[in-house]
Asks: 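Before I ask anything, let me first share the structure, which is written out below as structure tokens.
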Amino acid sequence: MCGIVGVLGKSEVAPLIVDSLKRLEYRGYDSAGVATLDQGKLVRRRAEGKLRNLETLLENAPLAGSAGIGHTRWATHGAPTVPNAHPHLAGRVAVVHNGIIENYLELREEIVAAGAILESETDIEPVAHLVNLALDRGKTPREAIAEVLPRLKGAFALAFLFEGEDDLLIGARKGSPLAVGHGDGEMFLGSDAIALSPFTDRITYLEEGDWTVVSRTGVEIFDKDNRPVERAEARSSVTSSLMDKGNYKHFMAKEIHEQPQVLGHTLSRYFDYTTKTARVAGAEGLKFKDLQRLTITACGTAYLAGLVSKYWFEKYARLPVEIDIASEFRYRETPLSEKDTALFISQSGETADTLASLRYCKAHGAAIGAIVNVAESTIAREADMVFQTIAGPEIGVASTKAFTCQLAVLAALALQAGRERGVLSAERERELVAELIEVPSLALQALSCEASIEKLAQPLSKASNALYLGRATNFPLALEGALKLKELSYIHAEGYAAGELKHGPIALIDENMPVFVIAPHDAIYEKTVSNMQEVAARGGRIVLITDARGAAESGSSAVSTVILPDMSDIVAPIVYALPVQLIAYHTAVFMGTDVDQPRNLAKSVTVE
Ligand code: M6R
């Protein structure tokens, strides 16, 4: 999950590296560091916590040098302390790493036995020592790297800098992404196009197992068997401007409020507003017509978007969906063949478990579709068909607008599948599309409940636990509400299918338990109301999120009610996501937690 960068520049590179790390902070913010070559000698600065701490350190003690590497960390091995912060040094070698070296204990033992003294608990410091030991034995830097790389098990993107080698960076990738940026008399390495965006739009993505020797005048790339290979140079369209919060206090607030607009952009990409039909370019590759089942895989909030769509694919397209979280799917050894279609959902397009699941399905011959927000991400590049969410950059760690835009794309795919399979009539499709194209305006109206939601934050902040309940497509939304509250406010929360409550979790209900019930007035509303009565009878503090009719028919069991406009079933999980996001947001703001960068998290989870 960490972000790495390397620069062979024309003048001092430390400020450039920090600029790049700002864009990489979405990968982790436990610590950050920079190493440069000052007159051929390795020097470094490292700081615990957010990048601004490193910036302050560098203001007080700048680093000279026109060659350097940098790192922003999401801690895996070892606490987020300065000794564990990257870059790690060993003799003449400095290294930054994204990934996990699985055989690090064995490597540690080996280099300790060889007399090395380790400063950190990390999995990468032994690798720096191994390379340094090879240099001590007379190997050149490239020979040393070629010797050490095959010994590393696990996933890595690495950038090495060598003492006395002012015109050399060596990078390597296996499992974690790494790209080379081409400049004019300067060259770069970075975790992704975003890292390289301040420097260049000319990018070469390394492929699995590749390693590269970079100088200011060129780049050599080798495959895992050390054979020289050519990798194409591409033009990146990633913008170099740093996103700003506009008039909002947090990126998350901005992103919640952007939803009416970005949902409009996404819906208009996938629906024809004139004919009121789903028109998803490339969907023919998903083979909906004769498909026996659709496999959907994702993580976190993206998984919950997939779970909503299971209801849609099964109801509107009569297409059975098998859905799993990627960290489970990837090791489940699911039988798949070329008759299958697998759909992956990811905002970042870099989530390690989702990517590994994609590769599993691809290797078994399935057609691969991906719903991603970041167009140049690894998942987008490896999928057969890409359906981009037009959410724009999502900076807040909590996924908000990406989630609702994923739902918009999934709704289009479900309706298209229904039509192609001959189970959704033209008339019903027109009705559903007419409802869906109202989403931006309904989302805007939903945001007007913000003031009433803000009032819920104070009582909720006192709770240690919370429950979210919903049925059908509102069940995944209940899971999403609980996930959001946990990640932002650190209050323990669970989402349950309302009907499942009496099978165990009802034992938790007492007067200290806030219970959020997500229940538009739909065909199963009365069932949810019965579950609500069961909670009220046991003293639970119910917050009901519903529409005017639902509020009128809820009895007196809710202590608070959030009222949304009337809307149809297919639209509800998209629009009801907004109050669910606002509840978590305002609670976190009230509690003073770090809304955009909650503790222990990273925006993009690039380790398993
Ligand atoms: O980038 P991805 O959509 O693949 O990320 C998946 C999850 O890590 C992500 O949705 C996570 O659960 C969010 N922080 C939740 O708000």
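Just so you know, ligand 1 is whichever comes first in the structure, and atom 1 is the first atom listed for that ligand.
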Asks: Strictly by modelled atom types, are Thr606 and Asn98 linked by a side-chain donor-acceptor pair under 3.5 Å?
Replies: yes

Asks: With a 4.0 Å cut-off on heavy atoms, is Glu350 in contact with ligand 1?
Replies: no

Asks: For the pair Tyr29 and Asp594, evaluate side chain to side chain contact (heavy atoms under 4.5 Å, CB included) and give the outcome as yes or no after the intermediate values.
Replies: CA-CA 12 Å; Tyr29 35 80; Asp594 192 337; 5.8 Å; no

Asks: Are the side chain of Asp596 and the backbone of Met252 linked by a donor-acceptor contact shorter than 3.5 Å?
Replies: yes

Asks: Applying side-chain hydrogen bond (donor to acceptor under 3.5 Å, both in side chains) between Gln581 and each of Glu480, Gln259, His586, report the one that passes.
Replies: Gln259

Asks: At less than 4.0 angstrom from any non-hydrogen atom of Ser399, what atoms of ligand 1 do you find?
Replies: 15 (C), 16 (O)

Asks: How far is atom 16 (O) of ligand 1 from the closest protein heavy atom, and which atom is that?
Replies: Glu487 OE2, 2.3 Å

Asks: Between Thr301, Val397, Thr351, flag the one that comes closest to atom 4 (O) of ligand 1 by a heavy atom.
Replies: Thr351

Asks: Can Asp30 and Arg73 be counted as an ion pair, charged N to O under 4.0 angstrom?
Replies: no

Asks: I'd like to know if the side chain of Ser399 pairs up with that of Glu394 as donor and acceptor (distance under 3.5 Å, no hydrogens or angles considered).
Replies: yes

Asks: What protein heavy atom sits nearest atom 6 (C) of ligand 1, and how far off is it?
Replies: Cys299 O, 3.3 Å

Asks: With a 4.0 Å cut-off, would you call Arg359 and Glu382 a salt bridge?
Replies: yes

Asks: List every atom of ligand 1 that sits less than 4.0 Å from any heavy atom of Gln347, numbering the atoms from 1 in the order shown and giving each element.
Replies: 1 (O), 2 (P), 3 (O), 4 (O)

Asks: Taking only heavy atoms of Ala302, which atoms of ligand 1 are found under 4.0 Å from at least one of them?
Replies: 3 (O), 10 (O)

Asks: Give me the nearest non-hydrogen protein atom to atom 8 (O) of ligand 1 as residue plus atom name, then the distance to 0.1 Å.
Replies: Val605 CG2, 3.9 Å

Asks: Tell me, which protein residue and heavy-atom name are nearest atom 1 (O) of ligand 1, and how many Å apart are they?
Replies: Ser348 OG, 2.6 Å

Asks: Taking side-chain hydrogen bond (donor to acceptor under 3.5 Å, both in side chains) as the criterion, tell me which of Gln347, Lys484, Gln406, Glu487 meets it with Thr301.
Replies: Lys484

Asks: Could you list which atoms of ligand 1 come closer than 4.0 Å to a heavy atom of Lys484?
Replies: 15 (C), 16 (O)

Asks: What atoms of ligand 1 come within less than 4.0 Å of a heavy atom belonging to Ala398?
Replies: 16 (O)

Asks: Considering only heavy atoms of Ser346, which atoms of ligand 1 have at least one such atom less than 4.0 Å away?
Replies: 1 (O), 2 (P), 3 (O), 4 (O)

